[in-house]
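All ligand and atom numbering here is 1-based and tracks the order in the structure. Every heavy atom of this structure was used, including side-chain atoms; hydrogens, water molecules and symmetry mates were not.
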Amino acid sequence: MNVEHPGLEMESVAVSYDGNRIVEDVSLSVRPGRMTGLIGPNGAGKSTLLKTVLGLADRDGGVIRLAGRPLEEVPLAERAREMAYAAQGAPVHWPLTVERVVMLGRIPHLGPWQKVTERDREAVARALEMTDSLHLKDRIVTTLSGGERACVMLARTIATDAPLLLVDEPVASLDPAHQLQVMGILKNLAGQGHGVLIVLHDLNLARRFCDDLVLLHDGRVLAQGEPQEVLTDENLAKAYGIRAMRWQAEGEEFIVPREKL
Ligand code: ADP
Ligand code: MG
């Protein structure tokens with residue numbers, strides 16, 4: 001990984017759907033070597049923000065810079081190599097083998113009509129290994145359990161070998177062991193120099209694994225910075241309308257939503 005990669009920067013980004021402002025004045029960056037958590041209530045605009053970066057939703061204000069250049073100036077094929085995206089829920093309807101689904105992550109590296117190379121196969125094998133999914137490679141993806149599928153979709157994202165990873169709720173609906181596994185894999189990738197932007201709801205996973213957090217509320221950034229600066233009682237009350245209990249154990253703080261305000 002090139003540590004000089006300037007990552008992804010959003011400045012005062014605004015997005016509307018059908019004339020309604022959904023995201024307003026959002027500035028954040030995804031830096032190599034860092035894992036940034038995007039948190040906030042349902043409907044806050046988290047997925048919309050990710051889709052905007054991918055060009056799947058139209059921005060109507062602000063600037064997005066990818067690797068130091070305005071996003072508009074970066075050709076689509078290059079964007080696809082720079083940023084790997086795992087959509088929320090990411091349903092799979094085609095009866096493809098796991099290996100082929102993960103190979104889809106290599107598409108940004110293939111020229112038109114170009115055959116899969118040894119390098120692509122290696123990237124796929126490495127991604128399957130990293131997500132403990134190698135044993136699933138010949139399975140039909142539609143027959144997997146939710147947890148297995150989540151690992152395979154993460155493998156597809158990893159196989160892209162993109163400097164930046166944008167993952168939308170990769171641990172929702174996973175059991176605690178798979179949650180820790182997926183968070184650990186993403187943290188390791190950040191440790192290797194990737195920039196990771198992860199949408200998640202679990203405040204404890206967010207606090208423990210993310211280097212910084214962005215708390216979105218009604219399409220705006222309510223707080224951003226180190227997890228403990230963001231996950232204050234006041235911010236949790238404002239964003240989620242909850243009171244949380246906190247306690248310390250094993251040198252860490254744990255947050256448990258206690259009541260709706
Ligand atoms: P989050 O991911 O934070 O839960 P979303 O970004 O999915 O929230 O949605 C933010 C808001 O935008 C919601 O009110 C949602 O209903 C609305 N929205 C999302 N996608 C569309 C769309 N394609 N057309 C119109 N409204 C949308
Ligand atoms: Mg969402």
Side-chain angles (χ1 to χ4, degrees), residues 8-30 35-64 66 71 76 79 83-93 146-147 149-154 156-157 164-174 178-179 182-183 186 195-207 209-210 212-225 227 230-232 235-242 244 255 257 260-261:
L8 176 73
E9 288 166 340
M10 305 177 211
E11 229 177 80
S12 306
V13 167
V15 187
S16 304
Y17 282 128
D18 311 322
N20 296 320
R21 227 358 118 68
I22 302 293
V23 167
E24 176 95 57
D25 196 21
V26 171
S27 301
L28 66 89
S29 32
V30 186
M35 177 137 146
T36 299
L38 184 57
I39 59 172
N42 291 324
K46 306 178 297 297
S47 295
T48 299
L49 195 60
L50 260 59
K51 286 180 192 163
T52 307
V53 174
L54 273 297
L56 303 171
D58 285 336
R59 171 165 41 106
D60 49 16
V63 181
I64 299 177
L66 175 61
L71 193 62
L76 285 175
R79 288 188 214 176
M83 301 186 284
Y85 168 59
Q88 183 176 356
V92 184
H93 301 295
R149 192 165 55 236
C151 287
V152 167
M153 297 322 276
L154 182 62
R156 193 193 69 172
T157 311
L164 303 172
L165 304 175
L166 312 178
V167 282
D168 200 344
E169 297 203 26
V171 299
S173 82
L174 295 187
H178 279 99
Q179 291 193 353
V182 167
M183 294 302 290
L186 290 169
V196 179
L197 182 63
I198 174 175
V199 176
L200 76 174
H201 281 304
D202 188 304
L203 302 175
N204 291 300
L205 291 178
R207 192 201 50 70
F209 285 93
C210 294
D212 23 50
L213 295 179
V214 178
L215 172 55
L216 217 55
H217 177 238
D218 278 344
R220 289 174 172 273
V221 175
L222 183 64
Q224 65 194 126
V230 172
L231 298 173
T232 61
N235 288 339
L236 296 182
K238 262 196 218 157
Y240 299 98
I242 58 161
I255 304 169
K260 221 168 165 301
L261 293 171

Worksheet item: Near the Mg ion (ligand 2), which protein N/O/S atoms are found at less than 2.8 Å?
Response: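 Those protein N, O or S atoms (cut-off: under 2.8 Å from the Mg ion (ligand 2)) are S47 OG, Q88 OE1.
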Discussion item. List the residues meeting side chain to side chain contact (heavy atoms under 4.5 Å, CB included) with L203, not counting sequence neighbours, and say none if there are none.
Written reply: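 With neighbours one apart ignored, the set is I39, L231, L236, Y240, I255.
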Practice prompt. Return yes if some donor-acceptor pair links the side-chain N/O of T232 with the main-chain N/O of N235 below 3.5 Å, else return no.
Written response: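 At least one qualifying donor-acceptor pair exists.
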Discussion item. Please output the residues near ligand 1 using a strict heavy-atom distance under 4.0 Å, listed in chain and residue-number order.
Written reply: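 Lining ligand 1: Y17, D18, I22, P41, N42, G43, A44, G45, K46, S47, T48.
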Discussion item. Can you confirm whether N20 is buried at CG, in the sense that more than 12 heavy atoms of other residues, nucleotides or ligands lie under 6.0 Å from that atom?
Written reply: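 Atom CG in N20 is crowded, with more than 12 foreign heavy atoms closer than 6.0 Å.
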Worksheet entry | H217 side chain reached by K238 side chain, heavy atoms, under 4.5 Å |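 Contact flag for K238/H217 side chains = no.
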Worksheet item: So does D168 pair up with K51, basic N to acidic O under 4.0 Å?
Response: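 Not counted as a salt bridge, because no side-chain N and carboxylate O are separated by less than 4.0 Å.
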Worksheet entry | The single option from L197, V196, I198, L154 passing side chain to side chain contact (heavy atoms under 4.5 Å, CB included) against L165 |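 Output: one option passes, namely V196.
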Worksheet entry | E9 and S29 side chains, donor-acceptor separation under 3.5 Å |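 The answer is no; no qualifying pair exists.
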Fill in: Closest approach of V26 to G219 (non-hydrogen atoms, all atoms of both residues)
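Smallest heavy-atom distance, with atoms named: CG2-O, 3.5 Å.
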Worksheet item: Under the salt bridge (charged side-chain N to carboxylate O under 4.0 Å, His left out) test, which residues partner R79, sequence neighbours left out?
Response: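 Scan of R79 (salt bridge (charged side-chain N to carboxylate O under 4.0 Å, His left out), adjacent residues dropped) gives none.
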